[in-house]
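Quick caveat, the model's predicted, so the values are computed rather than measured.
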Amino acid sequence: MRSFLFVPGDSTRKYESAKKTAADALILDLEDSIAPEQKVVARGITRQMLDARNPDQKLYIRVNALDTDLTLGDLAAVMPGKPDGIVLPKCAGAADVNKLALYLDAFEAASGIAQGTTRIVTVATETARAVLKILDFENMSPRLWGMMWGAEDLAASLGATRNRTDGRYHSPFILARDLCLIGAAAAGVVAIDTIATDINDLDALKAEAIAARQDGFLAKAVIHPKHVDVVNAAFMPTDEEIAWSERVIAAFADNPSGVAKMDGKMLDKPHLRAAEKILASRRK
């Protein structure tokens with residue numbers, strides 16, 4: 001999984017366009033992109049989208065946050081369509097994840113879906129409280145599959161007038177990004193980088209995506225179809241990285257003791273794990 005393309009849950013036109021992209025997953029949105037008066041209508045349209053899916057793409061649904069009293073209605077509408085996962089916005093730690101997991105237990109049973117198969121992805125940095133809860137993953141439901149960070153809602157929570165200058169995030173938002181990455185790694189789930197808000201600056205998008213992959217993010221969210229190919233390419237390992245990884249694995253194959261030597265340098269198990277991850281990332 002490299003790219004998650006957001007699609008408004010009430011726009012069949014944008015959905016049809018998104019299905020034609022190489023996005024690994026679509027996030028059908030019932031939250032921020034839907035006007036309050038359109039929420040109920042969007043549920044029905046999103047349910048129809050689930051029935052008309054592209055089998056090559058995963059389909060996730062971003063429901064409304066748990067404190068809106070809309071979450072259960074969202075789930076009741078979409079779960080019969082068997083989405084691959086639910087994206088939970090404004091998530092504040094294990095308690096919120098476990099609450100959603102309990103809901104999913106019931107809706108899977110009611111819809112004839114195998115228990116535990118619906119994944120959870122959290123948007124983990126949209127409020128100050130959520131940022132402080134990122135490392136709260138003890139006893140969290142095994143449904144948790146990924147953690148995404150975002151800077152737009154967080155700016156409002158902090159009272160910030162802007163979150164970046166000249167394309168560079170200010171320090172509170174860099175902190176949120178880094179904590180999301182560290183929290184995801186500690187929890188053993190996928191870290192997902194935030195969207196690039198400038199739709200037309202593809203060079204900046206490429207640089208941002210490459211930096212995210214190099215730091216350890218395994219995927220990136222996008223908001224426009226033309227971002228998909230740039231992100232997919234950025235999250236593929238380079239020829240040099242593949243060649244290095246193959247040499248590392250070969251070196252360990254000849255040295256089962258747990259250490260190896262290559263180019264005059266000692267290698268240990270973390271190098272082997274890094275090489276294995278790079279080679280695995282060649283596949284979606």
Side-chain angles (χ1 to χ4, degrees), residues 1-8 14 18 21 23-27 29 31-35 60 62 64-65 87-93 96 121-136 146-187 189-236:
M1 300 285 281
R2 302 157 296 174
S3 51
F4 286 76
L5 174 58
F6 276 99
V7 181
K14 291 182 178 179
T21 72
D24 295 323
L26 306 182
I27 299 177
D29 186 28
E31 195 212 12
D32 284 349
S33 66
I34 307 299
Y60 286 71
R62 180 165 71 171
N64 288 279
V87 177
L88 180 64
K90 300 175 179 62
C91 177
D96 284 357
V121 171
T122 64
V123 188
T125 66
E126 291 185 302
T127 66
R129 182 172 183 270
V131 172
L132 294 177
K133 289 284 190 177
I134 285 177
L135 302 182
D136 174 26
M147 297 171 67
M148 182 188 304
W149 84 280
E152 307 311 313
D153 285 276
L154 180 58
S157 177
L158 296 178
T161 57
R162 61 170 63 185
N163 56 31
R164 67 176 91 188
T165 300
D166 296 330
R168 297 187 177 224
Y169 282 108
H170 297 173
S171 59
F173 306 95
I174 294 174
L175 174 63
R177 172 191 185 273
D178 293 349
L179 283 175
C180 179
L181 176 61
I182 293 168
V189 301
V190 171
I192 305 169
D193 192 31
T194 191
I195 61 168
T197 56
D198 190 333
I199 292 174
N200 296 316
D201 193 343
L202 299 185
D203 289 337
L205 169 67
K206 179 180 178 180
E208 192 174 291
I210 289 173
R213 183 178 74 84
Q214 290 174 341
D215 285 347
F217 286 93
L218 296 178
K220 185 172 179 63
V222 299
I223 55 172
H224 195 279
K226 68 182 179 182
H227 286 191
V228 171
D229 290 342
V230 176
V231 167
N232 283 350
F235 275 87
M236 294 296 287

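If you take OG1 on Thr127 and CG on Leu154, they are separated by 7.5 Å, rounding to the nearest 0.5 Å. For the atom pair His170 NE2 and Leu175 CG, the distance stands at 14.5 Å (nearest 0.5 Å). Rounding to the nearest 0.5 Å gives a distance of 7.5 Å between CE of Met1 and CD1 of Ile192. Here the CE-NZ distance, from Met148 to Lys220, works out to 10.0 Å after rounding to the nearest 0.5 Å. Distance check, rounded to the nearest 0.5 Å: OG1 of Thr21 to CG of Leu26 gives 6.0 Å. Remark: Asp201 CG to Ile199 CD1 distance equals 11.5 Å, nearest 0.5 Å.
The two atoms that bring Ala23 and Leu5 nearest to each other are CB-CB, 3.9 Å, heavy atoms only. Between Phe235 and Ala212, the shortest heavy-atom contact is CZ-CB, 4.1 Å. Smallest separation of non-hydrogen atoms from Val7 and Ala18: CG2-CB, 3.6 Å. In this structure, Ser157 and Glu126 approach most closely via the heavy-atom pair CB-O, 3.9 Å. The two residues Ala196 and Leu205 come nearest to each other via the heavy atoms CB-CD1, 3.7 Å. Residue Leu181 comes nearest to Ala191 through the heavy atom pair CD1-CB, 3.8 Å, listed as atom of the first residue, atom of the second, then distance.
Counting heavy atoms from C-beta on, the side chains of Val131 and Leu179 come closer than 4.5 Å. Using a 4.5 Å heavy-atom cutoff, the side chains of Thr194 and Glu152 are not in contact. A 4.5 Å side-chain heavy-atom check between Asp193 and Trp149 finds at least one atom pair inside the cut-off. The closest side-chain heavy-atom distance from Arg62 to Val121 is not below 4.5 Å. Contact annotation: the side chain of Val123 never approaches that of Glu31 to less than 4.5 Å [non-hydrogen atoms, C-beta and beyond]. A 4.5 Å side-chain heavy-atom check between Thr125 and Ile134 finds at least one atom pair inside the cut-off. You'll find the side chain of Lys206 stays beyond 4.5 Å of the side chain of Leu202, heavy atoms only. Within the 4.5 Å cutoff, the side chain of His224 has no heavy atoms near those of the Asn200 side chain.
Under the 4.0 Å criterion applied to side-chain N and carboxylate O atoms, Arg177 and Asp215 are assigned as salt-bridge partners.
Applying the side chain to side chain donor-acceptor pair (under 3.5 Å) rule to Ser33 yields the partners Asp29; only residues at least two apart in sequence or on another chain are considered.
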Practice problem: Kindly determine whether Thr197 and Arg164 satisfy side chain to side chain contact (heavy atoms under 4.5 Å, CB included), including the steps that lead there. | Solution: CA-CA 11 Å; Thr197 56; Arg164 67 176 91 188; 3.8 Å; yes
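Counting heavy atoms of neighbouring residues, nucleotides and ligands inside a 6.0 Å radius, atom CZ of Arg129 does not exceed 12 of them.
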